[in-house]
Trainee: 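Can you keep this structure in mind? I'll have questions shortly.
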Amino acid sequence: MDIFSDTKLIVADKIGELIKEGTLPKGVEDCPFSVERPKNNEHGEISTNAALIVAGKAKTNPRQIASALVEKLGNEDNIGKLSIAGPGFINFVLTPDTWQEILRVILKKQDDYGRSDIGRGSRVNLEFVSANPTGPLHVGHARGAVYGDALGSLLEYSGYEVTREYYVNDGGAQVDTLARSVYLRYLEAHGNKITFGPDSYKGDYLVTIGLKLLEEYGDKYVDQPEQAWLAVFREFAIKEMMILIKEDLHFINVTMDQYVHEKSIVETARIDEAIKHLTEMGLIYKGVLEPPKAKRSEDWEAREQLLLKSTEYGDDVDRPIQKSDGSWTYFAPDIAYHYDKVSRGYDELINVFGSDHGGYVKRLTAVVDALSNGNMSFVIKLIQQVNVISQDEVLKMSKRAGNFVLLRDAVMAVGSDVTRFVMLMRKNDVPLDFNFEKVQEQSKDNPVFYVQYAHARVCSLLNRAHERGLDVSDPALEDFTREHLLEPEHIYLIRKLAEWPRIVEQATMHREPHRIIFYLMEVASVFHGFWSMGKEKESLRILQEEDTEKTLAGLALVRSTGIIVAQGLRIMGVKPLTEM
RNA sequence: GGCCUCGUAGCUCAGCAGGAUAGAGCGACCGCCUCCUAAGCGGUAGGCCACAGGUUCGAAUCCUGUCGAGGCCGCCA
């Protein structure tokens with residue numbers, strides 16, 4: 001079903017035969033050779049470096065091995081032409097039948113063409129967003145949200161069992177700050193004049209919360225000391241913030257499977273458990289850390305603390321887990337949370353963090369390695385920042401000023417589909433420009449519309465054919481006759497479609513959804529080119545007045561393109577458009 | 001000072017589980033609508049893949065170092 005891995009199997013088979021015959025030495029059967037689409041069209045449709053790799057191990061001449069392999073491969077029905085080129089590449093041209101068969105497979109398997117079992121049902125915990133419950137999500141969060149969600153779908157499509165998880169930081173000092181901020185808004189709602197402290201969350205979104213609190217409690221807490229209202233206001237505010245955040249996620253079509261609260265981790269004594277576990281491993285000790293090398297460190301004081309020996313697992317320094325007053329540092333609940341994740345029996349943990357959290361990668365990796373005896377696959381994907389551009393200017397955003405562009409503003413302006421697509425157009429670890437005006441353009445300058453337009457054209461053709469009374473159902477299209485779709489332009493498009501399973505596999509292995517987006521743009525490009533070719537070359541037009549058989553064959557190709565584009569978009573969480 | 005990520009065409013970026021002559025879009029220039037959506041297509045120009053070493057038959061891709069950009073380095077989370 002994947003033409004590349006099929007071909008690879010055949011080549012591996014031939015290598016095996018050559019070993020049996022004594023032409024090749026034993027031990028070369030597991031050589032990691034590749035079968036790929038060559039960049040250069042003159043190098044055939046498919047090529048392999050098998051002879052080069054095998055020669056490297058067998059210490060013989062690659063071209064000799066190549067010709068031995070070519071001799072064997074000559075008997076294969078699917079192969080039309082073989083040649084040896086360069087240092088020993090073997091280039092294949094397959095028979096048109098072979099390519100046509102791929103279309104039949106696509107039409108038969110539909111959305112499952114490209115689905116695979118490489119995950120083998122592995123259970124993956126995918127933690128993403130996990131924004132502090134202190135306000136609405138901004139565009140930076142949106143990128144992490146979209147990346148995580150698309151990655152989740154991609155993994156599911158590749159046979160993993162994914163849990164999308166949000167970790168709610170509702171146990172730290174910042175939610176107390178939140179509570180104090182809403183208290184101010186509460187007082188304001190009551191008619192008092194308020195002044196913010198330097199740490200206060202000043203965003204307007206808390207005004208409503210203040211009003212709600214007034215409605216709920218009246219003036220009960222107006223003149224009360226902090227200890228009277230702090231806990232109450234905190235719980236209230238967190239609840240409201242999570243409603244807000246869930247709305248935001250809903251705006252951008254992200255649904256979490258579960259929310260894990262820091263508070264529940266603390267309350268269920270997971271911290272003690274985790275620390276006890278680490279203590280038994282001899283990784284907890286009392287000690288004094290070196291002063292930090294950062295610039296502002298005048299007020300640093302050497303004190304004895306409880307430390308985790310994370311250096312044993314590759315961290316740069318050991319990390320404090322308890323303050324000198326005996327309370328936990330922020331790191332302790334994180335340890336407990338990951339202890340919890342490890343103990344839930346996943347096969348793999350993936351964390352999606354903003355790149356500003358890059359400093360935690362080593363220590364968390366150390367924690368997971370320690371807690372799982374190195375048996376847990378643990379990956380942290382860092383998401384670079386989003387530059388919002390409007391009127392050709394980068395909007396300056398600062399946490400202090402609280403002028404982040406909100407996720408909901410972006411989605412309101414350009415829609416969820418466009419936002420998602422644009423957010424996925426870059427690799428996770430490079431900065432991304434989000435140009436408000438550009439993403440709304442309806443032209444080829446805008447990749448979203450470019451891809452959608454390709455899909456719309458597919459639908460348009462099928463509709464027209466249907467209007468002419470043709471049966472354009474997939475089973476009918478599958479029966480196209482082999483006399484058609486033989487021109488180079490046809491084959492070229494089919495070859496592009498045939499890459500789909502491999503693209504999915506690579507995107508999955510690298511945990512990089514953007515590869516799907518780039519592939520979709522390529523498919524769209526090849527399809528648009530094919531379409532335009534029909535204007536110059538009558539035989540390439542899909543709808544042929546006189547020739548129903550030929551039309552159906554063309555529609556099979558078009559429909560297959562549509563299936564793949566639509567499925568690619570769906571995995572990215574973008575709705576394919578049927579007309580524009 | 002240390003750690004992480006990045007450095008590819010004028011601009012924005014792909015490619016990096018090593019492979020053949022390094023790709024795309026934008027911008028520039030030249031073409032294509034009697035004909036399935038020109039919301040599109042074709043073509044031309046444009047590169048010491050930051051730099052220097054190393055590994056290899058072969059390096060944009062792997063390793064080391066240098067330079068440059070950003071991020072992180074608090075008993076904040």
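All values below come from the heavy atoms of this structure, side chains included, with hydrogens, waters and symmetry mates left out. In what follows, every chain begins at residue 1, and chains take the letters A, B, ... in the order their sequences are listed.
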Trainee: Check the phosphate of B/A38 against A/Trp531, side-chain N and O only, distance under 4.0 Å to OP1 or OP2. Yes or no?
Mentor: yes
Trainee: Where does B/C41 fall, syn or anti, if syn means a chi angle no more than 90° from 0?
Mentor: anti
Trainee: Using purine N1 to pyrimidine N3 plus N6-O4 or O6-N4 for Watson-Crick, or N1-O2 and O6-N3 for G-U wobble, each under 3.5 Å, what pairs with B/A9?
Mentor: none
Trainee: What is the distance, to the nearest angstrom, from the CE atom on A/Met521 to the P atom on B/A24?
Mentor: 13 Å
Trainee: Look through every strand shown and name the nucleotide pairing with B/G1 as Watson-Crick or G-U wobble, where both distances are under 3.5 Å.
Mentor: B/C73
Trainee: At less than 4.0 Å, is any side-chain N or O atom of A/Lys535 found next to OP1 or OP2 of B/G31? Yes or no.
Mentor: no
Trainee: Using the side-chain heavy atoms of A/Arg457, tell me which of these nucleotides is nearest: B/G40, B/C36, B/C26.
Mentor: B/G40
Trainee: Counting only side-chain N and O atoms of A/Lys323, is one of them less than 4.0 Å from OP1 or OP2 of B/C76?
Mentor: yes
Trainee: Which of the following nucleotides, B/G40, B/C4, B/A77, is nearest to the side chain of A/Leu382?
Mentor: B/C4
Trainee: Measuring only the C1' atom in each nucleotide, how far is B/A59 from B/C16? A whole number of Å is fine.
Mentor: 10 Å
Trainee: Tell me: NZ of A/Lys59 to P of B/C57, nearest whole Å?
Mentor: 7 Å
Trainee: So which nucleotide from B/C76, B/C41, B/C3 ends up closest to the side chain of A/Tyr360?
Mentor: B/C76
Trainee: Examine the side chains of A/Glu36 and A/Ser47 and answer whether a donor and an acceptor come within less than 3.5 Å of each other.
Mentor: no
Trainee: Considering only side-chain heavy atoms of A/Gln174, which listed nucleotide, B/A77, B/G71, B/G40, is closest?
Mentor: B/A77
Trainee: Could you tell me how far apart A/Ile380 (CD1) and B/C72 (P) are, to the nearest whole angstrom?
Mentor: 16 Å
Trainee: Please give the distance between the C1' atoms of B/C41 and B/G25 as a whole number of Å.
Mentor: 15 Å
Trainee: For A/Arg511, give me all partners under salt bridge (charged side-chain N to carboxylate O under 4.0 Å, His left out), at least two apart in sequence or on another chain.
Mentor: A/Glu348
Trainee: To the nearest Å, give me how far apart OH (A/Tyr201) and P (B/A77) are.
Mentor: 12 Å
Trainee: Listing time: all N or O pairs from protein to nucleotides 11-20 of chain B that are below 3.5 Å?
Mentor:
{"unit_1": "B/U12", "atom_1": "O2'", "unit_2": "A/Arg426", "atom_2": "NH2", "d": "3.1"}
{"unit_1": "B/C13", "atom_1": "O2'", "unit_2": "A/Arg426", "atom_2": "NH1", "d": "3.1"}
{"unit_1": "B/A14", "atom_1": "OP1", "unit_2": "A/Lys427", "atom_2": "N", "d": "3.3"}
{"unit_1": "B/G15", "atom_1": "OP1", "unit_2": "A/His514", "atom_2": "NE2", "d": "2.9"}
{"unit_1": "B/C16", "atom_1": "OP2", "unit_2": "A/Arg515", "atom_2": "NH1", "d": "3.3"}
{"unit_1": "B/C16", "atom_1": "OP2", "unit_2": "A/Arg515", "atom_2": "NH2", "d": "3.0"}
{"unit_1": "B/C16", "atom_1": "N4", "unit_2": "A/Lys427", "atom_2": "NZ", "d": "3.1"}
{"unit_1": "B/G19", "atom_1": "N7", "unit_2": "A/Asn49", "atom_2": "ND2", "d": "3.0"}
{"unit_1": "B/A20", "atom_1": "OP2", "unit_2": "A/Lys39", "atom_2": "NZ", "d": "3.3"}
{"unit_1": "B/A20", "atom_1": "N6", "unit_2": "A/Ser47", "atom_2": "OG", "d": "3.0"}
{"unit_1": "B/A20", "atom_1": "N6", "unit_2": "A/Asn91", "atom_2": "OD1", "d": "2.8"}
{"unit_1": "B/A20", "atom_1": "N1", "unit_2": "A/Asn91", "atom_2": "OD1", "d": "3.2"}
{"unit_1": "B/A20", "atom_1": "N1", "unit_2": "A/Asn91", "atom_2": "ND2", "d": "3.2"}

Trainee: Applying salt bridge (Lys or Arg N to Asp or Glu O under 4.0 Å) as the test, list every pair that has at least one member in residues 316-331 of chain A; sequence neighbours left out.
Mentor: A/Asp315-A/Arg319, A/Asp316-A/Lys362
Trainee: A/Gln174 side chain to A/Pro133 main-chain N or O, any donor-acceptor pair under 3.5 Å?
Mentor: no
Trainee: Counting only N and O atoms by type, is there a donor-acceptor contact under 3.5 Å from the side chain of A/Tyr201 to the main-chain atoms of A/Ala179?
Mentor: no
Trainee: With both distances under 3.5 angstrom, what nucleotide forms a Watson-Crick or G-U wobble pair with B/A60?
Mentor: none
Trainee: I'd like to know if the side chain of A/Glu487 pairs up with that of A/Ser539 as donor and acceptor (distance under 3.5 Å, no hydrogens or angles considered).
Mentor: yes
Trainee: Please determine, for B/G46, whether a Watson-Crick or G-U wobble partner exists with both distances under 3.5 Å, and give it or none.
Mentor: none
Trainee: Just N and O in the side chain of A/Tyr167: are any of them under 4.0 Å from OP1 or OP2 of B/A77?
Mentor: no
Trainee: Could you check whether any side-chain N or O of A/Thr508 sits under 3.5 Å from a backbone N or O of A/Leu155, counting only pairs where one atom can act as donor and the other as acceptor?
Mentor: no
Trainee: Can you check the distance between B/G42 and B/U5, where both ends of the measurement are the P atom (answer in whole Å)?
Mentor: 38 Å
Trainee: Kindly say whether A/Ser200 contributes a backbone atom to a donor-acceptor pair with the side chain of A/Arg180 at under 3.5 angstrom?
Mentor: no
